[in-house]
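Both counts, for ligands and for their atoms, begin at 1 and track the order of listing.
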Amino acid sequence: MSLDYVKFTPGFGKFMPKEYRDMVEHGPFGKKTSVSQVGTFKEILEEHPMCAGCAMTLFIRLAIIAFPNPEDTITVGTAGCGRLAISQAAIPFVYGNYGDQNGVASGLSRGLRLRFGDKPKDVVVMAGDGGMADIGFAQTLHSWFRKEKFTTIMLDNEVYGNTGGQESGMTNKGQVLKMAPLGKKFEKMDMLGMAKVAGCAYVATVVPNNPRRVESVIKKAVLIAREVGPTYIQAYTSCNIEYAIPTDKVMEDAKDVENDRYAFSEYLTDEAKQHLGELYGYKEYLPKPAAALTKG
Ligand SMILES: Cc1ncc(C[n+]2csc(CCOP(=O)(O)OP(=O)(O)O)c2C)c(N)n1
Ligand code: SF4
């Protein structure tokens, strides 16, 4: 998993499958690719077995395009719909038991730092709201309290999609689902608030119908996690099956939900801002030059 790995052993190129050659020759490894260039390079994630029109799949696709160093990134996931797509990507994917993902990522991220020292190896967790806020809740929070340096992305479809529609802690109060016929009795969990309290250096909410914004939050989250501390992105990734959203209305729903209760938000600690400004050239986070003195 590095640029040394994503190339052919001399003389073997012509024997490799076409897909593999295409990935080596036209993939994003070692280049700076962007969501605005989709269609001009071979994507790391091209095939998946998820439902047609699933917004989670679109989000995962955009997120993977946005990884700053895909050739040096490992994704970690768990049971749930998202892993069906993430595991098809041409970068390593580690699959933990249901809810274990932030524990697995902690060990992995520490191990990679010991093994590779200063060479960045980015670890990104992507898991559903059930796997993260319910079953994996303790491991998620403790990884943040321990200040583990990796990115956690919640694929928040506000339901257990993969198992047919149970409520999760992230389902909204009153929501009726196939396996919550009386409606949910308590509020959606405030994972954003908990992420801040637990010490995440970057916390953002995003919906997938704005690809550039998705790209921007993923890049910042990964770069901050590299050296500063844990980062958390909560993405609204609707389940069109369990919420009966017609396929042609999936993006409209994302926009409505964004306007209603999933507005874009971004929180950075001062250390994270300084880090992005000084190390990665984000001018907006550099201290503003003192205003020129004007003569009275
Ligand atoms: C220990 C364990 N318990 C239960 C399951 C069954 N299971 C698989 S996916 C899933 C729900 C996934 O819901 P969520 O994490 O919200 O992800 P989504 O499928 O909605 O993306 C459950 C309960 C399991 N695989 N392992
Ligand atoms: S069940 Fe829902 S979240 Fe899962 S793949 Fe289908 S639409 Fe997507």
Which protein heavy atom lies closest to atom 16 (O) of ligand 1, and at what distance to 0.1 Å? G130 N, 2.8 Å
Report, in ascending order of atom number, the atoms of ligand 2 lying under 4.0 Å from any heavy atom of N240. 7 (S)
So, do D156 and Y262 sit near enough that their side-chain heavy atoms are less than 4.5 Å apart? yes
Taking atom 4 (Fe) of ligand 2 as the center, what protein N, O or S atoms are found at less than 2.8 Å? C81 SG
What about Y160: any of its N or O atoms under 3.5 Å from an N or O on ligand 1? no
Can K273 be said to sit on top of Y285's aromatic six-ring, NZ or CZ under 6.0 Å from centre and within 45° of the ring axis? no
For N157, the ligand 1 atoms whose distance to one of its heavy atoms is below 4.0 Å: 18 (P), 20 (O), 21 (O)
Starting from atom 5 (C) of ligand 1, find the nearest protein heavy-atom neighbour and note its residue, name and distance. Y98 CD2, 4.1 Å
For E46, check side chain to side chain contact (heavy atoms under 4.5 Å, CB included) against everything at least two apart and list the hits. E19, K42, E43
No-hydrogen, no-angle side-chain donor-acceptor test under 3.5 Å, T205 and S265: yes
Taking only heavy atoms of G80 into account, list the atoms of ligand 1 that are under 4.0 Å away from them. 9 (S), 12 (C), 17 (O), 19 (O)
Hey, does the Lys NZ or Arg CZ of K31 hover above the aromatic six-ring of F29, less than 6.0 Å from the centre and inside 45° of the axis? no
For atom 20 (O) of ligand 1, what is the closest protein heavy atom, and at what distance to 0.1 Å? G161 N, 2.7 Å
List, by chain and number, the other hydrophobic cluster members for I135, where Ile, Leu, Val, Met, Phe, Trp and Tyr join if side-chain heavy atoms come within less than 4.5 Å, directly or indirectly. Y98, Y160
May I ask you to establish whether R21 and F8 are in a cation-pi arrangement, using a distance under 6.0 Å from NZ or CZ to the six-membered ring centre and at most 45° from the ring axis? no
Could a heavy atom of M56 be found less than 4.0 Å from some atom of ligand 1? yes
If you have a sec, work out which protein heavy atom is nearest atom 7 (N) of ligand 1 and how many Å separate them, to one decimal? T163 CG2, 3.6 Å
Hey, does the side chain of N210 reach the backbone of R213 with a donor-acceptor pair shorter than 3.5 angstrom? yes
Which residue holds the protein heavy atom closest to atom 8 (C) of ligand 1, what is that atom called, and what is the gap in Å? A79 CB, 3.6 Å
List for me each residue that meets side-chain hydrogen bond (donor to acceptor under 3.5 Å, both in side chains) alongside Y282, sequence neighbours excluded, and say none if there are none. none
Quick one: do E148 and R110 satisfy salt bridge (Lys or Arg N to Asp or Glu O under 4.0 Å)? Show the steps, please. CA-CA 8 Å; E148 303 286 353; R110 290 186 194 195; 2.5 Å; yes
